[in-house]
Amino acid sequence: MDAYEKIMSLAKRRGFLYPSYEIYGGEAGFYDYGPLGILMKNNIENKWREFYLLKEKFFEISTPVITPYDVLKASGHVDEFIDEIATCKKCGASFKVEELKEGKCPLCGGDVEKGKLNLMFETYIGAKKKEQAFLRPETAQGIFVDFPLLYEFFRKKMPFGVIQIGKGFRNEVSPRQGIIRLREFSMAEAEIFFEPDNKKHENFDMVKNEEMLLVTDNDEELKISIEKAVEKGMIGNEALAYYMAITKNFLTSVGIDEKKIRFRQHKKDELAHYANECWDAEIYSERFGWVECVGIADRAAHDLEAHMNATGVDMRAFKKYDEPIKVKKKIIKAKMDALGKTFKQKAKKIREELEKMKINDEVEKIKVTVDGEEIELDREFFTIEEVEETETGKKFIPHVIEPSYGIDRIFYFILEHNYKETEKEGENYVLLTLPPEIAPVKAGVFPLVNKDGLPEIAREIEEELRKNGIMAIYDDRGSIGRRYARMDEIGTPFCITVDYQTKEDGTVTIRYRDTTEQIRVDKKKVAEWIKERIV
RNA sequence: GCGGGCGUGAUCUAGCUGGUUAGGAUGUGAGCCUUCCAAGCUCAAUGCCCGGGUUCGAAUCCCGGCGCCCGCACCA
């Protein structure tokens with residue numbers, strides 16, 4: 001068995017992960033989080049909140065999974081996410097329809113079979129009048145469509161960030177490798193809105209010396225501080241670099257091995273349809289090699305612009321200049337008397353169109369479109385005047401930087417990086433060295449023996465810990481060594497044992513998981529002692 | 001999606017050239033024992049992925065489905 005098989009076996013045996021719908025034969029691409037799994041996953045997500053909600057001072061929202069057709073049409077997902085594919089009947093290779101040569105297989109010239117490769121789950125809204133919809137392929141769009149209200153919420157101050165943790169759905173062609181590639185997965189995304197020409201971060205100095213392993217889009221691999229990477233133009237801007245550093249800090253804080261993290265830049269041809277620049281945080285796995293777990297993308301104005309074009313709703317922000325500036329510009333003025341005579345009722349609409357147009361030079365003729373009809377106007381119907389206006393600021397479509405985390409993959413790699421096998425008296429011994437904050441159970445509470453009032457004291461301690469919000473498990477079955485082993489295997493960082501000395505001086509032993517070292521602590525202080533170590 | 005391998009209690013596995021009650025280990029539960037690292041004893045529960053076929057008889061052979069793993073493709 002290799003590490004992956006051992007971990008998946010442990011995960012199933014001890015309640016971290018179960019294959020979904022197993023009694024019905026299972027369903028590829030779906031996994032259940034078991035009792036311990038969900039505790040750990042929640043801990044990971046809460047740690048993530050600690051970074052983005054508390055430290056970055058962002059806010060979290062929660063938007064629907066079911067997304068109307070129009071939203072994903074505008075964002076580009078409908079066109080980019082559903083591919084028409086062709087499979088060669090002769091050699092079995094698959095292609096995009098555009099790649100075909102005269103309808104034949106470009107490799108062997110064989111006949112092909114066309115089909116739709118739809119990566120989004122389709123559904124319908126409403127029982128009677130059915131409106132097409134999809135399960136969201138990313139949580140981001142829910143944030144983008146709320147932009148005008150969020151902009152108000154943040155009192156129009158940029159930059160600001162909005163996060164969302166939730167499920168995303170992709171109908172993968174062949175999901176595999178446990179929870180590495182799921183059809184329904186958990187993602188944590190932050191959308192940070194910037195002024196396009198100011199992608200700086202106020203705390204950049206705090207992380208600028210962070211050394212990162214980078215793989216650039218021309219396959220150059222190097223270790224470099226993020227400050228230098230920005231200076232040399234490898235990373236497009238400070239904000240992108242800053243969130244790369246934050247990502248690395250987050251990953252190490254949840255138990256990912258620092259040496260097994262690198263950032264790889266997407267090549268031009270692998271960039272998603274919405275991204276200008278993208279760096280993936282990849283995590284190294286013995287079994288799978290480097291695997292993408294976080295994508296940090298500069299989405300520029302793509303999404304807000306798309307939704308603005310689709311709906312006509314103003315998705316722009318306003319930036320006030322330090323000093324109002326006076327600008328000279330040319331404007332078009334409609335001559336209503338001439339227009340009225342010639343175009344009658346249409347004259348008003350023509351004026352509206354004319355005055356919307358921007359112009360830099362003198363022109364003799366202008367075309368406008370009114371009610372689908374194209375009308376050419378010469379100078380008899382308009383004048384061009386130069387005016388001086390005072391501008392107090394400008395409107396712009398914000399740019400978005402998006403760190404997007406695949407929680408399930410991170411979950412797996414935490415298990416892989418912390419799975420330790422040692423020997424104990426010739427026997428194989430398994431230990432999960434999870435960070436205390438991430439461990440599903442924080443403390444095991446044991447009576448050394450099941451008599452003389454020891455169990456009662458241990459029960460009291462368990463209750464006390466739980467009252468303090470600490471996940472503690474009481475266990476009196478089997479030998480003390482077996483109980484330690486059970487806790488070590490699920491990564492419980494501390495075990496508390498009540499012994500005869502407890503009855504004399506009120507102290508209990510606390511055993512450290514990784515060293516098996518023991519100390520004595522007053523039983524009244526145990527909750528506090530643990531609390532200090534799990535936040 | 002294509003090709004290959006595999007599918008036995010919760011886990012790991014023996015059996016798979018067809019033939020008694022499918023064996024073991026780990027784990028689990030109950031009881032005993034136990035003064036700190038998977039000790040021991042007794043008892044117990046839980047299994048041949050699903051469906052069809054061949055056969056007197058199928059965990060075993062054949063077909064289909066599902067699942068898992070690997071390679072190719074896919075992974076915006």
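Naming convention: chains lettered A, B, ... in sequence-line order (proteins, then strands); numbering from 1 in each chain.
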Using a 4.0 Å heavy-atom cut-off across all strands, classify [X] as base, sugar-phosphate, or nothing.
{"X": "A/Tyr4", "result": "sugar-phosphate"}
{"X": "A/Asn450", "result": "base"}
{"X": "A/Ser174", "result": "base"}
{"X": "A/Arg486", "result": "sugar-phosphate"}
{"X": "A/Pro137", "result": "base"}
{"X": "A/Gly478", "result": "nothing"}
{"X": "A/Gln177", "result": "sugar-phosphate"}
{"X": "A/Gln518", "result": "base"}

Heavy atoms of A/Gly178 and A/Met8 approach each other most closely as CA-CE, 4.0 Å
Using the [atom1] atom as the reference point in each nucleotide, state the distance between [N] and [M] in Å, no decimals.
{"N": "B/A59", "M": "B/G19", "atom1": "C1'", "answer": "13 Å"}
{"N": "B/U35", "M": "B/A30", "atom1": "C1'", "answer": "24 Å"}
{"N": "B/G29", "M": "B/A10", "atom1": "P", "answer": "16 Å"}
{"N": "B/C63", "M": "B/G27", "atom1": "C1'", "answer": "37 Å"}
{"N": "B/G7", "M": "B/C50", "atom1": "P", "answer": "14 Å"}
{"N": "B/U46", "M": "B/A22", "atom1": "P", "answer": "13 Å"}
{"N": "B/U20", "M": "B/C56", "atom1": "C1'", "answer": "15 Å"}
{"N": "B/C43", "M": "B/C62", "atom1": "C1'", "answer": "44 Å"}

Donor-acceptor pair under 3.5 Å: do we get one between [X]'s side chain and the base of [N]?
{"X": "A/Arg176", "N": "B/G71", "result": "yes"}
{"X": "A/Tyr24", "N": "B/C50", "result": "no"}
{"X": "A/Glu172", "N": "B/C74", "result": "no"}
{"X": "A/Arg482", "N": "B/C36", "result": "no"}
{"X": "A/Arg483", "N": "B/C36", "result": "no"}

Assert: residue with more 5' nearest nucleotide on RNA chain B, out of A/Asp488 and A/Arg287, is A/Asp488
Q) Quick one: on RNA chain B, does A/Glu138 or A/Glu22 contact a more 5' nucleotide (nearest heavy atom)? A)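 Of the two residues, A/Glu22 wins.
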Both distances below 3.5 Å, Watson-Crick or wobble geometry, any strand: find the nucleotide opposite [N].
{"N": "B/C68", "value": "B/G5"}
{"N": "B/A25", "value": "B/U11"}
{"N": "B/G57", "value": "none"}

* Is the shortest side-chain N/O distance from A/Arg14 to OP1 or OP2 of B/U11 below 4.0 Å? -> no
Sorted by chain and residue number, the side chain to side chain donor-acceptor pair (under 3.5 Å) partners of A/Asp298 (sequence neighbours excluded) come out as A/Lys199, A/Asn237
Exercise. In terms of side-chain heavy atoms, does A/Glu138 have a donor or acceptor partner in A/Ser404 at a distance below 3.5 Å?
Worked result: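 No donor-acceptor contact under 3.5 Å links the two side chains.
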Of B/A10, B/G1, B/C75, the nucleotide closest to the side chain of A/Lys12 is B/A10
